[in-house]
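First comes the structure, then the notes that go with it.
We name chains A, B, ... by the order of the sequence lines, and we start the count at 1 in each one.
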Amino acid sequence: MTPKSSTSEFPTADYYDRLRHSVAHIMADAVLQRYPGTKLGVGPTIENGFYYDFQVDNPFTPDDLIEIEKSMQKIIDLDLAFESRAVPRSEAISLLQDQPFKKEIVNDLDQEEEITFYRHGKFDDLCEGPHLQSTGQVPSFKLLSTAGAYWRGDEQRPMLQRIYGTAWESSDQLDSYLQNLEEAQKRDHRKLGRQLDLFSVQDETGPGLILWHPKGARIRTIIEDYMRQEHYSRGYELVYTPHVGKAKLWETSGHLDYYRELMYASMNIEGQEYFLKPMNCPFHIMVYETSKRSYRDLPIRLAELGTVYRYERTGVLHGLMRVRGFTQDDAHIFCRPDQIHEEIIKVLSFTFDLFKTFGFNEFDLMVSTRPKKFVGSVENWDLATESLKTAIEEFQIPYGIDEGGGAFYGPKIDIQIRDAIGRSWQCTTVQFDFNLPDRFDLSYVGSDGQTHRPYMVHRALLGSVERFFGVLLEHYAGSLPLWLAPTQVVIIPIADRHLEYVEKLANDLGKALIRTHIDQRNERMNLKIREAQAQKVPYMLIIGDKEIESNTVSIRQRDGAQLDPMPSEEFLSRVVAEIALRGGNATES
RNA sequence: GCCCACAUAGCUCAGCAGGUAGAGCACGUUCUUGGUAAGAACGAGGUCAUCGGUUCAAGUCCGAUUGUGGGCUCCA
């Protein structure tokens, strides 16, 4: 990069804030010019862009956007100065006579707060600022999409029409941003799911309900087997519990009182009411309760890949990321107060190990503390919250605090992972529960011979297997690491006469548990390579006369790279070693 | 659930002043046995999401339903 002169303006966060704020104003100006009488909502900057909400008679069409862009360009060409001024409250109200939403904002401002307006040309708007000096300083922008958005995010209030846009310091920057958007679309897990034949969601089956195809199921099985193995080796016990349970269970747990809108309608079995499970906790608790527990038994860690069903409104469903039936890598830890600290550390360590294995190295942690309405004692909450914080601190990872953001039943840690193109995904949640142990009257006998209430920690590390699978696909853009690839090796014989040899080779690889496929079709090698590569198979072995004669394999990787031919035994042991490593690096591309 | 858009062959998409459908890939058959990202020919495939309306006539216009996408809200 060439050094810039010290006078030139680097695109800082502050610069982008002013730029995008200014463009939002220019857009509002253009909208008002084209549709007089439009009521303005809010127009903040967001990551990579901005939006503005409008109440208009007719929702915007894509053509409208093009026209609005043109008007905006005219305003930019006029190079109108942005002028700010402080305005007394009473004057602000009168200036906003025709802007009910803006007026509402002013009325909600603290009395002491200074009210500022920003004006360019004839457009005058309530705004905190800051802005650029003039409209002419906008180098590049583009309107992207429209959407309905409730005023102040409240379903009870009017729905406004929102226009999203983006703005950058140069048209090159804009172009590369638009290219990034395209790249994100290319690695959309729904698209990859179809291309790689991994899963589908079908009309006939129902929205938000996933059908796992053989290849997707194969990957899922590998993930799940790995998870089970890790749980056993870390002192968890696996359990299986039913998909339905009697109404009484969900009454005791409180789900019918507090969670009902997310549960499906009941079914009647022999006069008894049953519900599909939205969570696994009550079942795990029932397992805990099957015998009298001693303090010596604790901690008890019950884990299950438990499939739960939750009613989600149709509008929120999204591929594998948001579904109606999903499988949690769920576990409930029952322990004594003196064990909490260590248990949380173990959970976090487990989490970080897992994500590293799957190729994720960046995390955002958030501790949510006691809300206004809560159950349990303040002492328990404090101890639990403290144990969460100190556990994280042992890992020397920065974390945020969501004061009062905990659920009514306990504090929690939420962990988001960042993928190869920098997006965050909510996966892990570690939650204390001071509610269910009371409701189910859980107990253990302490060393003092008295009955005590155990602590209960609810945790899901990957979160939902479905969602995690989607994240994994997008992270790797479909090119899953060798150990996860549904097909690890494709053998491509050049001609029919090579088939016999190739079958023997495949047999050897198969014995070493390498997932191998022979492409026996009557097609040319080029086509087979093309398709294997499109299917993102890690290794292609090209076998012809040369290879048979020298007893070697010719290896092509899915990125097009070519390895030196090597004896087939050598290839086999290399692959076996690579699988055992469970390595994988996602590409930034 | 709400706002907007979309819904044509397994997939990606074309079609239109309203006159009963088209391409590429995939699939089948045949020819071809070919050295690192598409060999060729032929063939089969669609009551144009569903239901209803307007019309002599609807994939094309209108309405409803279902589903999908972008958002809002919510969340694993």
Heavy-atom neighbours of A:Asp57 CG exceed 12 at 6.0 Å:
no
For A:Glu47, look at atom CD and say whether over 12 heavy atoms of other residues, nucleotides or ligands are found less than 6.0 Å away.
no
Would you call A:Glu474 and A:Arg423 a salt bridge, using N to O less than 4.0 angstrom?
yes
For the C1' atoms, the ones on B:C62 and on B:A23, what distance do you get once it is rounded to whole angstrom?
31 Å
Whole Å only: how far is the CZ atom of A:Arg310 from the P atom of B:A76?
6 Å
For nucleotides 3-12 of chain B, read 5' to 3', which letter fits each nucleotide if B means a protein heavy atom sits under 4.0 Å from the base, S means only the sugar-phosphate is that close, and - means neither?
BS------SS
B:A38 base to A:Gln533 side chain: any donor-acceptor pair below 3.5 Å?
no
From C-beta outward on A:Val316, which listed nucleotide comes closest to its side chain: B:G70, B:U36, B:U73?
B:U73
Taking the six-membered ring of A:Phe350, is NZ or CZ of A:Arg234 closer than 6.0 Å to its centre and within 45° of its axis?
yes
May I ask you to evaluate whether A:Arg190 reaches the phosphate of B:G70, defined as a side-chain N or O under 4.0 Å from OP1 or OP2?
yes
Determine the interplanar angle of the A:His189 and A:Phe199 rings, folded into 0 to 90°, and report it as parallel if under 30°, tilted if 30 to 60°, perpendicular if over 60°.
parallel
Can you check the A:Asp154 CG to B:U73 P distance for me, whole Å?
10 Å
Counting heavy atoms from C-beta on, name the nucleotide in B:G1, B:U66, B:G39 closest to the side chain of A:Glu155.
B:G1
Roughly how far apart, to the nearest Å, are B:G19 and B:C61 at atom P?
11 Å
Which base sits across from B:A38 as a Watson-Crick or G-U pair, both distances under 3.5 Å?
none
Quick one: look up who B:C72 pairs with, Watson-Crick or G-U, both distances under 3.5 Å, and put none if it's unpaired.
B:G1
Spacing of the C1' atoms in B:A14 and B:C25 (rounded, Å):
15 Å
With a 4.0 Å cut-off on heavy atoms, is A:Glu547 in touch with a base, just the backbone sugar-phosphate, or nothing at all?
base
Have a look at A:Asp496 and say if it touches a base, only the backbone sugar-phosphate, or nothing, with a 4.0 Å heavy-atom cut-off.
base
Sort out for me which residue in A:Ile529, A:Val490, A:Asp519 forms a side chain to side chain contact (heavy atoms under 4.5 Å, CB included) with A:Val537.
A:Val490
Please determine if A:Arg162 and A:Asp53 form a salt bridge, counting it only when a charged side-chain N lies under 4.0 Å from a carboxylate O.
yes
Would A:Tyr164 pass as stacked on B:G71, i.e. its ring centre under 5.5 Å from the base's six-membered ring centre and planes under 30° apart?
no
A:Val323 near the nucleic acid: base, sugar-phosphate alone, or nothing, with a heavy-atom cut-off under 4.0 Å?
base
What nucleic acid atoms does A:Gly544 come within less than 4.0 Å of, heavy atoms only: base, sugar-phosphate, or nothing?
base
Side-chain donor/acceptor contact of A:Arg467 with base of B:C75 under 3.5 Å:
yes
pair_partner(B:G43), Watson-Crick or wobble, both distances < 3.5 Å, evaluates to B:C27
Counting side-chain heavy atoms from CB outward, which of B:U33, B:A76, B:U36 is closest to A:Arg497?
B:U33
Take a 6.0 Å sphere around CD of A:Glu503 and say whether it holds more than 12 heavy atoms from other residues, nucleotides or ligands.
yes
Give none if B:U65 has no partner; otherwise give the nucleotide forming a Watson-Crick or G-U wobble pair with it, both distances under 3.5 Å.
B:A49
Atom OH of A:Tyr258 with >12 non-hydrogen neighbours under 6.0 angstrom:
no
Spacing of the P atoms in B:U65 and B:G1 (rounded, Å)
10 Å
Under 4.0 Å between a side-chain N or O of A:Arg556 and OP1 or OP2 of B:A37?
yes
Conformer about C1'-N of B:G63 - syn within 90° of 0, anti elsewhere
anti
Should we count CZ of A:Arg574 as having more than 12 external heavy atoms under 6.0 Å?
no
Can you see if the side chain of A:Thr314 gets near the phosphate of B:G1 - specifically, an N or O under 4.0 Å from OP1 or OP2?
yes
Would you kindly give the CG-to-P distance between A:Asp197 and B:A26, to the nearest whole Å?
15 Å
With a cut-off of under 6.0 Å to the ring centre and 45° to the axis, is A:Arg157 in cation-pi contact with A:Tyr150?
no
Output the rounded distance in Å from CZ (A:Arg324) to P (B:C74).
18 Å
Please determine whether a side-chain nitrogen or oxygen atom of A:His318 lies at a distance below 4.0 Å from atom OP1 or OP2 of B:G70.
yes
Any residue of residues 403-411 of chain A with a heavy atom less than 4.0 Å from an atom of RNA chain B:
none
Please tell me which of A:Tyr150 and A:Cys427 maps to the more 5' nucleotide of RNA chain B, matching each residue to the nucleotide holding its nearest heavy atom.
A:Tyr150
Expressed in whole Å, how much space separates the P atoms belonging to B:A37 and B:A41?
22 Å
Separation of B:U68 atom P from A:Met321 atom CE, nearest Å, is 16 Å
Please confirm whether any donor atom in the side chain of A:Arg322 sits under 3.5 Å from an acceptor in the base of B:C74, or the reverse.
yes
Counting only Watson-Crick pairs (N1-N3 plus N6-O4 or O6-N4) and G-U wobbles (N1-O2, O6-N3), all under 3.5 Å, who is the partner of B:A57?
none
When the P atoms of B:C4 and B:G10 are considered, how many whole Å apart are they?
31 Å
Please determine whether a side-chain nitrogen or oxygen atom of A:Arg524 lies at a distance below 4.0 Å from atom OP1 or OP2 of B:G39.
yes
Donor-acceptor pair under 3.5 Å: do we get one between A:Glu312's side chain and the base of B:G1?
no
Atom CE of A:Met366 and atom P of B:C75: how far apart are they, to the nearest Å?
14 Å
May I ask you to say what A:Lys528 touches in the nucleic acid, namely base, sugar-phosphate or nothing, with a heavy-atom cut-off under 4.0 Å?
nothing
For a quick check of understanding: with a heavy-atom distance under 4.0 Å over all strands, which category does A:Asp330 fall into, base, sugar-phosphate or nothing?
nothing
In whole angstrom, what separates A:Gln328's CD from B:C75's C1'?
11 Å
Write down the partner of B:U33 under the Watson-Crick or G-U wobble criteria, each distance required to be under 3.5 Å.
none
C1' atom, B:U20 versus B:U55: distance in rounded Å?
14 Å
Taking for each residue the nucleotide of RNA chain B bearing the nearest heavy atom, is the 5' side occupied by A:Leu262 or by A:Arg530?
A:Arg530
Looking at A:Lys142, I want to see if its NZ is surrounded by more than 12 non-hydrogen atoms of other residues, nucleotides or ligands under 6.0 Å.
no
Protein-nucleotide distance (A:Leu527, atom CG; B:C25, atom P), rounded to Å:
11 Å
With a non-hydrogen cut-off below 4.0 angstrom, is A:His498 in contact with a base, only sugar-phosphate, or nothing?
nothing
Please report the distance separating the C1' of B:G34 from the corresponding atom of B:C13, rounded so that it comes out in whole Å.
32 Å
Mark yes or no for whether A:Glu466, through its side chain, and A:Thr327, through its backbone, hold a donor-acceptor pair below 3.5 Å.
yes
How about CG on A:Asp564, more than 12 heavy atoms from neighbouring residues, nucleotides or ligands closer than 6.0 Å, or not?
no
